[in-house]
Amino acid sequence: MQLRLPTSVSEARECLAEGAIPVGGATLVWAAWQRDGFPEQAVSLRKVPEATAVGGGVLGGAVLLGQVDDRVPRVLRQAAKGVGTGAVRRAATVGGNIAGSSLRDLLPAAMVLDARADVLTADGVYEVELAEVVAKSPVLLALRWREPVAGAYAKVPDPAGGEVPSIVAAALDTEGVLRVAVREGYAVSGGSVGADGGGMEELFAGELSGVSEAGRQLVREQISRVRGE
């Protein structure tokens with residue numbers, strides 16, 4: 001297998017156009033490649049500046065989870081810190097977690113930041129909503145957001161004994177919108193309430209209607225933390 005390491009977006013586009021398979025830390029695909037055979041060529045974005053940016057409201061898709069630090073909001077930093085083991089975080093990438101994983105630990109944090117995604121194709125770079133990233137699993141070049149006023153994050157074991165921990169994230173933006181997102185099992189849902197926490201019951205009756213009572217209690221706790229209560 002030839003691993004191609006472009007140093008610009010235009011070079012990366014050429015690699016994709018020529019059939020190279022995108023790969024980050026290969027933590028999600030290595031076993032499958034060993035079983036089914038390796039592709040002729042793969043492409044990593046780890047030398048593309050746009051894909052390795054950290055800070056200023058941007059987090060590149062090729063950034064390793066272990067490199068996510070205090071240059072990004074605390075809610076996103078906590079999400080990255082909670083993924084797997086140290087060995088996994090030294091190899092796994094932001095793009096792989098959000099666009100390539102079924103767990104998507106970083107997704108709730110990105111949702112409450114109202115993040116947008118820059119995705120890379122052979123035809124160019126496009127800004128899309130996170131929902132499209134989840135649906136289509138494109139090559140994630142970077143996440144972008146506006147800095148929040150405050151945020152909170154919790155990851156706890158499934159009280160029913162399931163293998164997938166529950167995640168709740170919350171963040172308050174500068175316009176007074178308090179967003180929350182929940183992962184239970186493999187399902188992720190989110191919505192918003194007012195800065196005073198008003199509208200919570202409407203949220204549970206609407207966007208978060210499928211969330212368990214334990215998950216709802218976590219939502220209440222994270223909203224309280226964001227509000228400094």
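Owing to the predicted nature of the structure, the values given are computational and were not obtained by experimental measurement.
Nearest heavy atoms, Val168 versus Gly215: CG2-O, 4.2 Å. Here the closest non-hydrogen pair linking Leu120 and Ala12 is CD2-CB, 3.7 Å. Residues Thr52 and Leu45 share a closest heavy-atom pair of CG2-O, 4.1 Å. Closest approach of Ala99 and Ser137 over heavy atoms only: O-OG, 2.8 Å. Annotation for Ala42 and Val23: closest pair CB-CG1, 3.8 Å, computed over non-hydrogen atoms. What you find for Val63 and Ala53 is that their closest heavy atoms are CG2-O, 3.6 Å.
With hydrophobic clusters built from ILVMFWY side chains whose heavy atoms lie under 4.5 angstrom apart, Val75 does not share a cluster with Val58. Follow the hydrophobic side-chain contacts under 4.5 Å out from Val177 and you never reach Val226; the two are in separate clusters. Val188 and Tyr153 fall within a single hydrophobic cluster, where Ile, Leu, Val, Met, Phe, Trp and Tyr side chains are chained together by heavy-atom contacts under 4.5 Å. Residues Tyr126 and Val133 fall within the same hydrophobic cluster, defined by Ile, Leu, Val, Met, Phe, Trp and Tyr side chains chained together at heavy-atom separations under 4.5 Å. A single hydrophobic cluster is seen to contain both Val182 and Leu172, as judged by linkage of ILVMFWY side chains at heavy-atom distances under 4.5 Å, directly or through other members.
Residues Pro73 and Leu113 meet the side-chain proximity criterion, which asks for heavy atoms closer than 4.5 Å. Side-chain atoms of Pro6 and Glu14, non-hydrogen and from C-beta on, never get closer than 4.5 Å to each other. When side chains are defined from C-beta on, Leu178 does not count as touching Val112, because their heavy atoms never get closer than 4.5 Å. Proximity of Thr121 to Leu16: side-chain heavy atoms (C-beta onward) are nowhere separated by under 4.5 Å. Arg46 is listed as a side-chain neighbour of Leu5, based on a closest heavy-atom distance under 4.5 Å. Within the 4.5 Å cutoff, the side chain of Val9 has heavy atoms near those of the Val125 side chain. In this structure, the side chains of Ile223 and Val193 come closer than 4.5 Å at one or more pairs of heavy atoms. Side chains of Glu175 and Arg146 form a contact here, defined as non-hydrogen atoms less than 4.5 Å apart.
Within 6.0 Å of CD in Glu40 there are 12 or fewer heavy atoms belonging to other residues, nucleotides or ligands. Within 6.0 Å of the CD atom in Glu129, the count of heavy atoms belonging to other residues, nucleotides or ligands does not exceed 12.
At distances below 3.5 Å, at least one donor-acceptor pair connects side-chain atoms of Arg183 with backbone N or O atoms of Pro165. With hydrogens and angles ignored, the 3.5 Å screen pairs no side-chain donor or acceptor of Arg4 with any backbone N or O of Val43. The backbone N or O of Lys81 sits less than 3.5 Å from a side-chain atom of Arg89, completing a donor-acceptor pair. A side-chain donor-acceptor contact under 3.5 Å links Gln67 to the backbone of Leu64. Checking side-chain atoms of Arg77 against main-chain N and O of Val68 turns up no donor-acceptor pair under 3.5 Å. At least one donor-acceptor pair under 3.5 Å links the side chain of Arg13 to the backbone N or O of Asp123. Listed for the Arg74 side chain is no donor-acceptor partner under 3.5 Å among the backbone atoms of Ala152. Although no hydrogens or angles enter the test, the distance criterion places a donor-acceptor pair under 3.5 Å between the side chain of Glu11 and the main chain of Thr7.
In this structure, CG on Leu130 lies 7.0 Å from CD1 on Ile98, to the nearest 0.5 angstrom. Atom CG in Leu140 sits 8.5 Å away from atom OG1 in Thr93 (nearest 0.5 Å). Taken to the nearest 0.5 Å, the CZ atom of Arg116 stands 9.0 Å off from the CD atom of Glu132. Interatomic distance, Ser209 OG to Arg216 CZ, rounded to the nearest 0.5 Å: 7.0 Å. In this structure, Lys47 NZ and Ser8 OG are separated by 12.5 Å, a value rounded to the nearest 0.5 Å. Within the model, atoms CD1 of Ile167 and CZ of Arg104 stand 12.5 Å from one another, a figure rounded to the nearest 0.5 Å.
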I would like to know whether Leu106 and Val83 meet side chain to side chain contact (heavy atoms under 4.5 Å, CB included); could you show each step before the answer? CA-CA 9 Å; Leu106 272 61; Val83 177; 3.9 Å; yes
List the steps and the verdict of side chain to side chain contact (heavy atoms under 4.5 Å, CB included) for Ser44 and Leu3. CA-CA 7 Å; Ser44 168; Leu3 177 62; 4.2 Å; yes
Begin from the C-alpha positions of Val54 and Asp69 and carry the test side chain to side chain contact (heavy atoms under 4.5 Å, CB included) through to its verdict. CA-CA 8 Å; Val54 184; Asp69 55 24; 3.9 Å; yes
Verify side chain to side chain contact (heavy atoms under 4.5 Å, CB included) between Val180 and Met200, making sure each step is shown before the conclusion. CA-CA 10 Å; Val180 297; Met200 194 180 304; over 6 Å; no
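The residues Arg144 and Glu127 are annotated as not salt-bridged, no charged nitrogen and carboxylate oxygen being separated by less than 4.0 angstrom. The pair Lys155-Asp105 counts as a salt bridge, with a side-chain nitrogen and a carboxylate oxygen less than 4.0 angstrom apart. Under 4.0 Å is where a charged nitrogen must lie from a carboxylate oxygen, and between Glu213 and Arg220 at least one such pair does. Remark: Glu207 does not engage Arg179 in a salt bridge, criterion side-chain N to carboxylate O under 4.0 Å.
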